[in-house]
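Each remark here refers to the structure printed beneath this line.
Keep in mind that the numbers below use all heavy atoms, side chains included, and drop hydrogens, waters and symmetry copies.
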Amino acid sequence: MKGKTNPYPNTSVIAIVFIAVAMLCSCKQTTTSTTTFPDNRTNQEILFDDGNFAMFIHFGLYSKMEGEWQGKRYYGNAEWIKHQAGIPADEYMKEAATFNPDEFDAEAIVKLAKDAGMRYIVITSKHHEGFAMFDSDYCDFNICDATPLKRDLMKELADACHRNGLGIGFYYSQWQDWTAPGGAGGPSTDAEGRTVTFEEYFRNKCIPQVNELTTKYGEIQLIWFDTPGELSKAASEELVALVRKNQPNALVSSRVGNGVGDYDTLNDMQVPLTNHKGRWEGIDVMQVGWGFSKFDNEWKSPDYIVRTLVSVVARGGNFLFNIGPDSKGRIPGQAAASLRTVGKWVKKYPQVVYGAEASPWEHALPWGDVVVNHDKLYLVVFSWPQDGELWLPGLQNNVKKARIVGGATLTTRKEGTWTCIETPYECPDRLASVIELSIDDEISVDNTPAVNPNGSSTLLPIEFATVEKCEVSHSQWMEKFGEWKFKVNVGGITAESKIHWTADFKEPGYYDIEVECKGDGSADWMMTTDEGNTIVDRHNLHERYEWQRLGWLKIDKAGQHKLSLSVTDADWQQVNVGSIRVEPVGIQTDWN
Ligand code: H79
């Protein structure tokens with residue numbers, strides 16, 4: 001460990017459905033300030049909390065296949081090709097003999113991570129396939145003993161990170177091992193035909209290899225365990241204890257299992273809708289799968305990456321974003337170019353990422369999101385207003401100064417509970433523009449969802465609703481092999497059910513209402529406001545979620561109102577509601 005820029009200078013599933021009744025999110029009337037971290041944090045904790053943006057790398061023997069096996073294409077998680085293509089363990093292991101990623105360039109990868117604005121790297125040292133990307137004394141199925149390359153790539157990357165002031169962490173799949181006898185999903189017997197237990201695999205391969213990773217590569221940022229499966233609590237604790245002994249300050253991801261990790265890794269690709277407390281990480285990926293696939297052209301755009309990064313940071317998390325090198329160890333050009341564009345954005349607005357804390361609104365706003373850094377608010381605007389007015393709901397402070405970061409000072413005014421920022425017509429940054437607000441006093445916000453007075457419609461998700469006599473459920477499904485999607489929806493709807501949203505309306509007038517729904521038969525919808533205004537409409541229901549218009553609902557007075565949705569009459573067996581959208585119609589209403 002040497003060098004001034006060293007990050008540690010002071011130290012040597014399957015579809016899950018669960019039912020939750022009633023309210024998911026309690027939108028507080030007022031919140032003040034955000035999380036502040038304690039003073040006695042380790043350097044690893046500081047890098048995690050303040051760095052907020054890191055690179056994940058999936059690289060293993062699967063990278064050699066690039067999504068293809070024996071002339072057949074496999075879509076989705078390319079690191080699962082052994083499983084997808086049903087390749088027997090012995091046949092798969094033979095592939096190592098021709099795996100020669102001799103263009104793996106640790107310095108170039110570190111440079112890319114730095115260019116992207118990322119603060120540490122987490123790389124797969126052994127994925128479920130069981131192949132170690134480091135020199136291991138405990139299993140020869142590794143990059144030094146089983147391939148023509150014979151280079152310890154984990155060492156090369158760790159050294160390059162240390163030289164260049166980035167943190168380094170290792171992914172290690174502790175439960176699954178598809179080629180080691182006794183590992184989950186692996187052969188049950190060894191070469192001599194003797195039955196091998198998981199306990200033996202754990203003792204003879206997993207623990208010794210984690211020991212190697214935590215002793216041979218200098219100081220590390222974290223160990224990223226994955227898919228704990230049926231690992232016992234004692235085994236999870238033993239892994240944590242081993243990491244602690246060798247690397248007292250390294251963090252351990254929650255996927256070590258049994259609730260004994262140091263921070264929460266959320267589900268793959270999940271960005272929570274409301275702020276998530278504690279230390280946590282959101283993870284996402286450049287292509288659809290984690291390992292490189294030559295067939296997968298669904299590269300994430302700089303726009304997507306910037307939005308997701310900002311959304312994760314605004315919910316209070318740290319964003320770990322994955323790339324997969326190809327069979328030669330090269331970073332695909334599309335991935336590098338996309339990340340470099342992201343990096344230029346991050347360098348323009350470092351306050352929005354480094355040391356940035358969660359939004360006091362605790363959820364996204366219709367045009368973007370907010371982060372806090374020290375005593376300033378940063379409004380990150382994804383949809384720049386076209387009429388010269390950006391409306392910020394519920395800020396109870398006075399604005400002392402507003403400016404476009406890298407641009408002009410802006411005029412602001414208050415209208416009731418709303419702050420209007422007068423914005424130039426031209427969008428300052430097509431990826432995302434940033435407005436800095438200096439305010440008086442401690443931040444104080446009424447975070448009731450608010451309907452955007454201009455621009456497009458405002459989404460009111462079911463997470464912000466309260467429900468009566470029906471059920472909120474979370475579902476998770478795969479769009480492609482390994483590509484997870486999430487949806488919160490309301491089911492069990494009968495004629496007695498009601499779903500209520502409370503939202504702030506800046507102006508009285510008509511608001512166009514749409515419902516996201518699915519089911520069978522047809523449903524007679526009713527929406528009523530707390531002022532007694534009601535609209536009804538009937539629609540056929542379809543198998544997949546779609547948006548159906550209920551039409552114009554009148555709001556008599558500006559301010560907070562409750563909208564209640566019900567299905568009054570129907571020949572239906574099943575109705576589900578996802579969310580609603582509300583959009584000001586924008587007409588004079590003084591004719592009546
Ligand atoms: O490393 C990446 C994934 O390979 C790994 N975690 C991220 C970071 C991961 N391992 N398991 N899972 C994610 C859950 C995925 C389970 C599935 Fe399947 C794999 C669904 C489809 C393929 C197992 C096999 C369940 C159904 C078939």
Side-chain angles (χ1 to χ4, degrees), residues 33-34 50-53 115-119 271 275 282 300-319 321 338-395 397-413 418-439 443 445 447 450 452 454-456:
S33 197
T34 48
D50 297 355
N52 275 339
F53 191 24
D115 287 350
M118 293 158 154
R119 290 287 163 93
V271 181
N275 287 8
K300 301 299 192 305
S301 62
D303 186 77
Y304 174 94
I305 302 168
V306 164
R307 283 177 190 225
T308 313
L309 166 65
V310 170
S311 306
V312 168
V313 173
R315 301 284 76 74
N318 171 326
F319 189 46
F321 189 73
S338 197
L339 284 182
R340 289 214 161 87
T341 305
V342 171
K344 283 190 192 133
W345 186 90
V346 172
K347 282 179 179 70
K348 256 169 101 176
Y349 311 108
Q351 320 89 314
V352 170
V353 177
Y354 310 123
E357 295 182 53
S359 169
W361 279 263
E362 301 189 357
H363 51 78
L365 296 175
W367 38 256
D369 224 318
V370 180
V371 300
V372 177
N373 207 327
H374 293 97
D375 55 350
K376 296 202 168 55
L377 289 172
Y378 291 91
L379 318 185
V380 186
V381 186
F382 303 139
S383 312
W384 191 251
Q386 298 190 339
D387 61 357
E389 295 186 331
L390 184 79
W391 292 98
L392 181 63
L395 177 67
N397 307 79
N398 292 311
V399 176
K400 289 197 297 195
K401 187 178 173 196
R403 66 171 186 112
I404 295 173
V405 175
T409 300
L410 303 176
T411 304
T412 66
R413 62 176 198 274
W418 294 77
T419 305
C420 179
I421 299 141
E422 295 176 14
T423 47
Y425 289 98
E426 196 180 334
C427 172
D429 193 320
R430 62 162 288 276
L431 275 182
S433 308
V434 180
I435 296 172
E436 180 187 80
L437 296 187
S438 308
I439 52 172
I443 303 164
V445 162
N447 75 348
N452 204 22
N454 58 359
S456 54

Margin query: If you define the side chain from C-beta out and look only at heavy atoms, does anything of Met118 sit under 4.5 Å from Phe319?
Written below: no
Item checked: side-chain contact (heavy atoms from CB on, under 4.5 Å), paired with Val399, selected from Leu392, Thr412, Thr411, Ile421 -> Thr412
Checklist line | Flag side-chain contact, heavy atom, 4.5 Å: Thr341 against Trp345 | finding: no
Checklist line | Closest non-hydrogen atom pair, Val405 against Lys348 | finding: CG1-O, 4.0 Å
Notebook entry, point to check: Between the main-chain N or O of Trp418 and the side-chain N or O of Trp391, is there a donor-acceptor pair closer than 3.5 Å?
Noted result: no
Item checked: Distance, nearest 0.5 Å, that separates OH of Tyr349 from OG of Ser433 -> 5.5 Å
Note to self: Please determine whether side chain to side chain donor-acceptor pair (under 3.5 Å) holds for the pair Asn373 and Tyr354, giving the CA-CA distance in whole Å, both sets of side-chain angles, and the decisive distance to 0.1 Å.
What the structure shows: CA-CA 9 Å; Asn373 207 327; Tyr354 310 123; over 6 Å; no
Notebook entry, point to check: What's the shortest heavy-atom distance between Ser301 and Ser338, and which atoms?
Noted result: C-OG, 3.5 Å
Name the atoms and distances for all side-chain donor-acceptor pairs under 3.5 Å in residues 377-386, with sequence neighbours left out.
unit_1: Tyr378; atom_1: OH; unit_2: Glu436; atom_2: OE2; d: 2.7
unit_1: Trp384; atom_1: NE1; unit_2: Pro424; atom_2: O; d: 2.9
unit_1: Trp384; atom_1: NE1; unit_2: Glu426; atom_2: O; d: 3.4

Check: Taking the side chain as C-beta and beyond, is there a heavy-atom pair between Arg413 and Glu389 under 4.5 Å?
Finding: yes
Checklist line | side-chain contact (heavy atoms from CB on, under 4.5 Å) partners for Asp115, two or more places apart | finding: Lys111, Arg340
Notebook entry, point to check: In Å, rounded to the nearest 0.5 Å, how long is the span from OG1 of Thr419 to CG of Leu437?
Noted result: 8.0 Å
Next item on the list: To the nearest 0.5 Å, tell me how far Ile404 CD1 sits from Asp429 CG.
Entry: 10.5 Å
Checklist line | Atom pair NZ (Lys300) and CZ (Arg307), whose distance is rounded to the nearest 0.5 Å | finding: 15.0 Å
Notebook entry, point to check: Where do Ser359 and Asp369 land on the side chain to side chain contact (heavy atoms under 4.5 Å, CB included) test, with the steps shown first?
Noted result: CA-CA 7 Å; Ser359 169; Asp369 224 318; 4.1 Å; yes
Note to self: Working note: Phe321 + Leu309, criterion side chain to side chain contact (heavy atoms under 4.5 Å, CB included); need CA distance, chi angles, decisive distance, verdict.
What the structure shows: CA-CA 9 Å; Phe321 189 73; Leu309 166 65; over 6 Å; no
Next item on the list: Classify the side-chain pair Asp387/Tyr425 by whether it contains a donor and acceptor separated by less than 3.5 Å.
Entry: no
Next item on the list: State the CD1-CG distance between Ile305 and Leu431, to the nearest 0.5 angstrom.
Entry: 10.0 Å
Check: Among Val313, Val312, Val352, whose side-chain contact (heavy atoms from CB on, under 4.5 Å) with Asn52 holds?
Finding: Val313
Note to self: Does atom NZ (Lys347) have a neighbourhood of more than 12 heavy atoms from anything else shown, all under 6.0 Å?
What the structure shows: yes
Check: Is there a side-chain contact between Val271 and Thr308 (heavy atoms, below 4.5 Å)?
Finding: yes
Item checked: Inter-residue atom distance Ile435.CD1 - Thr409.OG1, 0.5 Å rounding -> 11.5 Å
Check: Of all heavy-atom pairs between Ala358 and Asn275, which one has the smallest distance, and what is that distance?
Finding: CB-ND2, 3.4 Å
Margin query: Between Asp50 and Gly355 (side chain of the first, backbone of the second, donor and acceptor by atom type, cut-off under 3.5 Å), is there such a pair?
Written below: no
Check: Does any non-hydrogen side-chain atom of Cys420 lie less than 4.5 Å from one of Leu390?
Finding: no
